[in-house]
Amino acid sequence: RVEFGNRMAEAAQKELRRNRAATKIQSIHRRRIARKRVKLLIAQRAKQRLEDAMQWQETWSEDGEKWFYFSAETGEALWEPPKCGFTKNDGTRVLITGAQVDEAGNAVILAAAEEAEDEHAKELERRKKEPMMCCELLTEKATKWDVVWDEPFCDEGWDRTHAHGNRQSHPFCRIHEDGSISPRATNADGEDEGEYEPG
């Protein structure tokens with residue numbers, strides 16, 4: 001009896017260590033995905049701020065003897081600097097944050113955004129080419145895409161990880177046999193949550 005009890009305790013400890021190791025690996029993977037996603041969002045936001053500032057050009061008014069701000073896109077003119085930012089007469093961009101960016105800064109922002117967008121596009125292409133595997137049960141083919149965590153799950157993996165807590169309410173998109181992800185998200189009750197682009 002004692003020997004049997006010791007074997008059972010040893011097996012339980014082994015399973016616990018295995019589960020902790022799997023949790024750690026999953027945590028590292030999720031952090032990597034999150035860092036890539038945040039990098040993309042930051043780059044896109046910086047690019048958008050730069051583009052907003054490029055829409056308005058600071059121009060000198062001889063009649064009014066002061067600067068005004070003109071949008072070639074809309075044909076609109078303002079006497080006060082636009083809140084979204086503008087391009088000064090010398091080419092410096094004044095962003096919505098108040099930061100001033102010269103031509104070299106423009107190039108850095110645009111290059112960073114392009115690099116992040118290229119990495120994102122390559123990741124999406126890789127997903128299409130390789131069979132998508134469950135992030136919980138690594139040997140099972142994924143059938144659901146968690147919209148909140150941006151991760152693939154098989155049905156069993158989904159049931160294990162989404163049975164309790166906040167994850168119960170996570171919407172998901174179906175993953176088709178060809179590996180493509182449905183653009184329609186569904187909640188746990190089977191109700192349509194609208195369009196979603198996994199990324």
Side-chain angles (χ1 to χ4, degrees), residues 11-52 95-97 99 101 105-189 192-199:
Q13 285 296 319
K14 187 176 180 181
E15 182 68 18
L16 182 62
R17 283 193 303 272
R18 186 173 161 267
N19 286 341
R20 284 182 179 158
T23 300
K24 182 146 183 123
I25 290 168
Q26 290 167 356
S27 174
I28 290 167
H29 177 69
R30 286 186 179 112
R31 282 196 304 263
R32 185 180 71 79
I33 289 171
R35 278 194 301 271
K36 283 184 176 183
R37 191 172 188 192
V38 167
K39 179 182 176 183
L40 176 66
L41 293 173
I42 288 171
Q44 287 175 333
R45 180 180 289 164
K47 181 180 176 184
Q48 184 60 53
R49 287 176 175 170
L50 189 63
E51 289 172 354
D52 290 347
L95 306 182
I96 190 171
T97 61
V101 182
N106 289 345
V108 168
I109 289 171
L110 293 173
E114 186 176 331
E115 179 185 335
E117 289 167 353
D118 285 349
E119 282 179 21
H120 181 67
K122 286 176 186 173
E123 176 66 20
L124 292 178
E125 273 305 307
R126 184 191 62 76
R127 284 184 193 165
K128 287 179 187 174
K129 291 178 183 174
E130 298 174 10
M132 199 172 305
M133 305 308 281
C134 177
C135 67
E136 183 69 22
L137 303 173
L138 303 175
T139 58
E140 298 296 320
K141 196 169 180 183
T143 57
K144 294 180 179 178
W145 185 269
D146 186 319
V147 170
V148 177
W149 284 95
D150 253 356
E151 291 183 318
F153 288 88
C154 63
D155 289 332
E156 184 182 345
W158 181 273
D159 293 343
R160 279 187 189 183
T161 57
H162 294 74
H164 306 288
N166 290 338
R167 280 197 168 193
Q168 285 180 307
S169 63
H170 285 194
F172 64 89
C173 295
R174 285 274 170 211
I175 299 174
H176 305 295
E177 280 297 316
D178 65 359
S180 64
I181 301 170
S182 170
R184 302 298 300 179
T186 307
N187 66 23
D189 297 327
D192 186 42
E193 288 280 322
E195 288 199 19
Y196 175 74
E197 182 181 340

Heavy-atom pair of closest approach, residues P152 and M133: CG-O, 3.3 Å
R45 atom CZ: more than 12 heavy-atom contacts under 6.0 Å: no
Test item: V101 and I109 side chains (from C-beta on) under 4.5 Å apart, heavy atoms: yes
Interatomic spacing from CD in E140 to SG in C135 - rounded to 0.5 Å: 12.5 Å
Closest approach of C154 to C134 (non-hydrogen atoms, all atoms of both residues): N-SG, 3.2 Å
Approximate separation, where rounding is to 0.5 Å, of D159 CG and K144 NZ: 6.0 Å
Sequence-distant partners of F172, ring pair (Phe, Tyr, Trp, His ring centres under 6.0 Å), two or more places apart: W158
Closest non-hydrogen atom pair, C173 against A185: SG-CA, 3.8 Å
Non-hydrogen side-chain atoms of K36 and H120 separated by less than 4.5 Å: no
Smallest separation among heavy atoms of E193 and P171, with atom names: CG-CB, 3.9 Å
Spacing of OG1 belonging to T97 relative to CZ belonging to R49, to within rounding of 0.5 Å: 5.5 Å
Listed partners of R20 passing side chain to side chain contact (heavy atoms under 4.5 Å, CB included), at least two apart: L16
Heavy-atom check, side chain of K141 versus side chain of M132, under 4.5 Å: no
Within 6.0 Å of CG in N166, more than 12 heavy atoms from elsewhere: no
Atom pair CG/CG of L110 and L50 - distance to nearest 0.5 Å: 5.0 Å
Partners passing side chain to side chain donor-acceptor pair (under 3.5 Å) against R174 (at least two apart in sequence or in another chain): none
Crowding at CD, Q168 (>12 non-hydrogen neighbours, <6.0 Å): yes
Closest contact, heavy atoms only, H162 versus D146: NE2-OD2, 2.7 Å
With sequence neighbours excluded, residues passing side chain to side chain donor-acceptor pair (under 3.5 Å) with T143: D155
Atom pair CZ/CZ of R160 and R167 - distance to nearest 0.5 Å: 13.0 Å
Closest approach of E136 to T161 (non-hydrogen atoms, all atoms of both residues): OE1-CG2, 3.2 Å
Within residues 110-120 or reaching into it, pairs that qualify as salt bridge (Lys or Arg N to Asp or Glu O under 4.0 Å) - sequence neighbours excluded: K39-E115, K39-E119, K47-E117
Contacts of R17 that satisfy side chain to side chain donor-acceptor pair (under 3.5 Å) - sequence neighbours left out: none
Straight-line distance of H170 NE2 to F153 CZ, nearest 0.5 Å: 9.0 Å
